[in-house]
Structure formats: C-alpha cells, structure tokens
Amino acid sequence: MFNIILFGPPGSGKGTQAKTIEEKYDLHHISTGDLFRYELNNNTELGKKIKHIMEAGELVPDEITIGMLKNKILSFENPKGFLLDGFPRNINQAKELDRLLEELGEEVNVLISLDVPEEEIVKRILNRGKSSGRSDDNDENVIRGRYKVYKEQTLPVFEYYQNKSKARTVNGVGGIDEISNRILCAVEEHTKK
Ligand code: AMP
C-alpha cells in the first residue's frame, strides 16, 4: 500500500488537492471532515452528537473519530493505499493510525503539509463560506478558533512524522495546478530517497 497524509490548516486546500493525488496514485481519499458532515447532513444519531462540536470548530472526541476512521479503512478490500485528509488531528490519533497500519503490515509513507499563512486562511474560508453552506466557514471567530486548534493540537503531528523522516512541506499559496505539481514532486522526491 501507499499511504499519504495530506496535512495543513483548515482552508489550506487539502480537499481540492486530494482529487489530483488520489487519481494519480489510485488511492482511497478519506476525509474525516466529509464523513462527519455526511452524518450531520443526514441528521443521524452521530450527527446530532457532534453538531455543536463541529459548529464550534472544536475537535470531535478521539474515541468517535478513531473508531470511524478504523471502520472506514477496514471497509476496503485490497486497497492500493489511502490519502488521509483531516486525520490525524492530534498525536493520539497519529499513534492510533500507526498502530492500525502496523497491524495491517503497512505504514504511513509520507505526510505532505500545505503551508498557508493565517490571514490567507481566514480570507479563503470566509470566501468558501459563501457557497459551502458550512456554518463553521461563516464566522471569523470560529475560523480563528479552528486555526488555533490546528496550531495547538494538530501541528505536533507534523513533528511526530518529521522525527520519523516522513514529513515534507509544500508552499500552499498559488494556482491549483501549480500546488498539485509541488505536491506530486514532493511525493516523488520522498519515495526516491
Ligand atoms: P474539516 O473539514 O477537516 O475542516 O473538519 C471539519 C470539522 O470536523 C472539524 O472542525 C472537527 O470538528 C471535525 N473533524 C474532522 N476531522 C477530525 C478529526 N480527525 N478529529 C476530530 N475532529 C475532526
């Protein structure tokens, strides 16, 4: 398997870039944010439980998130690999992911971090909010709160994989194709190592 973590703050373009990368490497794209939004939009029991957490821009508790991610990963027969977007969001999730992949005789191959400054993030998400219908995209305080959660809880995940020599940073500002190329180059460079 070939497993990639697409990493970066909310609004850094992970969802947009995921399409190109999953096609290129024939991976299953798993976005925990999309999985949660599906529950929310269908008003499921889980959706009702996590609604206020997502609206506040906080992290859904690990026992829910990790269980959901594991089920999703195990639901594929003979996968070529996964492109994870929005997961892991903290060190505990990263360790649980590594444990699961190890049980499968696999590993995270590379983490690609999209680097985008906070002011650009706020601008992009407010703009996305005009059409996304996401309540967490419409309130600047919530957006800045999500960025803070990213810095405090999620950024350590970068270091965790950097210490395993698996993390790469890519400039996330520019045209969509330009950034796709940067990501693909970073993945290729990493695998050649
Ligand atoms: P995203 O679309 O990745 O920005 O996720 C939207 C929201 O879903 C986040 O603000 C969290 O409330 C929740 N969420 C998504 N992924 C995770 C995760 N790995 N751990 C905890 N909460 C998550």
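Atoms within a ligand are numbered from 1 in the order they appear, just like the ligands themselves. Computed from a prediction, not measured in an experiment: that's the story for all the values here.
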> Given Glu45 and Lys49, is the salt bridge (charged side-chain N to carboxylate O under 4.0 Å, His left out) satisfied, shown in steps?
Replying inline: CA-CA 6 Å; Glu45 279 312 307; Lys49 211 149 115 188; over 6 Å; no

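Using a 4.0 Å cut-off between charged nitrogen and carboxylate oxygen, Asp137 and Arg146 count as a salt-bridge pair.
When atom types are taken as modelled, the side chain of Asn138 and the backbone of Arg134 share a donor-acceptor pair closer than 3.5 angstrom. Within the 3.5 Å criterion, the main-chain N or O of Asn90 finds no donor-acceptor partner in the side chain of Thr154.
A distance below 6.0 Å separates the ring centres of Phe82 and Phe76.
For the side chain to side chain contact (heavy atoms under 4.5 Å, CB included) test with Arg144, the passing option among Ile125, Val149, Ile121, Val122 is Val122; the others fail.
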Could you go through ligand 1 and list every pair where one of its N or O atoms sits under 3.5 Å from a protein N or O, giving the atom names and the distance to one decimal?
| from | atom 1 | to | atom 2 | distance (Å) |
| --- | --- | --- | --- | --- |
| ligand 1 | 2 (O) | Arg37 | NH1 | 2.9 |
| ligand 1 | 2 (O) | Arg37 | NH2 | 3.0 |
| ligand 1 | 3 (O) | Arg89 | NH1 | 3.1 |
| ligand 1 | 3 (O) | Arg89 | NH2 | 3.2 |
| ligand 1 | 4 (O) | Arg89 | NH2 | 3.3 |
| ligand 1 | 5 (O) | Arg89 | NH2 | 3.3 |
| ligand 1 | 12 (O) | Glu58 | O | 2.5 |
| ligand 1 | 16 (N) | Thr32 | OG1 | 2.8 |
| ligand 1 | 16 (N) | Gly86 | O | 3.4 |
| ligand 1 | 16 (N) | Arg89 | NH1 | 3.3 |
| ligand 1 | 19 (N) | Gly86 | O | 2.9 |
| ligand 1 | 19 (N) | Gln93 | OE1 | 3.1 |
| ligand 1 | 20 (N) | Gln93 | NE2 | 3.0 |
| ligand 1 | 22 (N) | Val60 | N | 3.0 |

